[in-house]
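Below is one structure, written out as structure tokens, with a few remarks after it.
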Amino acid sequence: MSTEPTEIERQTWAARFGWITGGSVGLVAGFALTWLVETLALSGRGRAGIELAAKISGIAVPACFVAGALLGHAFGLRGGPQRYRLLGAAAGLGVAVLAWALLVVTR
């Protein structure tokens with residue numbers, strides 16, 4: 001039995017890493033979009049602007065996450081083994097950055 005990963009395993013993991021990377025990027029993009037809307041468009045509305053931004057965030061963040069995850073999955077699946085290392089490194093880095101951000105926010 002060979003210890004070298006097969007072509008199918010690399011393609012599968014490239015798709016998984018793409019999903020993780022795309023989801024991480026989508027999550028950050030959703031929060032950035034919400035922040036932009038809240039600071040630029042709704043800044044003068046007081047409490048009503050904050051409540052509207054919260055409602056927008058409830059839709060924008062999950063939508064951006066799902067869109068990013070699906071696009072990342074497709075990107076990894078199409079690229080297969082060629083994108084395996086790149087997406088693996090990006091997924092690891094993305095998870096580390098999100099963990100750091102969670103640590104900073106919860107302090």
Side-chain angles (χ1 to χ4, degrees):
M1 182 159 200
S2 174
T3 58
E4 185 71 25
T6 66
E7 187 77 21
I8 300 290
E9 287 175 352
R10 283 185 180 229
Q11 186 175 12
T12 302
W13 276 102
R16 289 175 184 162
F17 288 148
W19 191 92
I20 293 169
T21 303
S24 300
V25 170
L27 188 65
V28 170
F31 281 117
L33 177 66
T34 301
W35 179 79
L36 283 173
V37 166
E38 186 174 357
T39 57
L40 299 177
L42 303 175
S43 61
R45 294 189 181 193
R47 186 73 182 151
I50 293 171
E51 290 174 3
L52 183 58
K55 288 179 184 176
I56 291 170
S57 177
I59 296 168
V61 173
C64 288
F65 171 78
V66 169
L70 291 175
L71 288 171
H73 184 271
F75 180 78
L77 192 61
R78 283 185 175 211
Q82 293 83 10
R83 297 181 183 158
Y84 177 72
R85 281 188 169 179
L86 173 69
L87 287 171
L93 184 63
V95 168
V97 167
L98 287 175
W100 170 79
L102 183 63
L103 179 68
V104 168
V105 168
T106 57
R107 269 190 169 181

Table please: side-chain donor-acceptor pairs of residues 54-73 below 3.5 Å, with sequence neighbours left out.
none

Quick check: is V25 connected to L87 through a chain of hydrophobic side chains (ILVMFWY, heavy atoms under 4.5 Å apart)? no
Determine whether V28 and L98 satisfy the following criterion, side chain to side chain contact (heavy atoms under 4.5 Å, CB included), listing intermediate values before the conclusion. CA-CA 9 Å; V28 170; L98 287 175; 4.1 Å; yes
Side-chain donor-acceptor contacts of residues 99-107 below 3.5 Å, not counting sequence neighbours, with atom names and distances?
{"unit_1": "T106", "atom_1": "OG1", "unit_2": "L102", "atom_2": "O", "d": "2.8"}
{"unit_1": "T106", "atom_1": "OG1", "unit_2": "L103", "atom_2": "O", "d": "3.3"}

Aromatic contact, F31 with W35 (centres under 6.0 Å): no
Closest approach of A91 and I20, non-hydrogen atoms and distance? CB-CG2, 3.8 Å
Is the cationic atom of R16 (NZ for Lys, CZ for Arg) positioned less than 6.0 Å from the six-membered ring centroid of W13 and within 45 degrees of its normal? yes
Should L27 and L93 be regarded as members of a common hydrophobic cluster, given that ILVMFWY residues are connected when their side-chain heavy atoms come within less than 4.5 Å of each other, either directly or indirectly? no
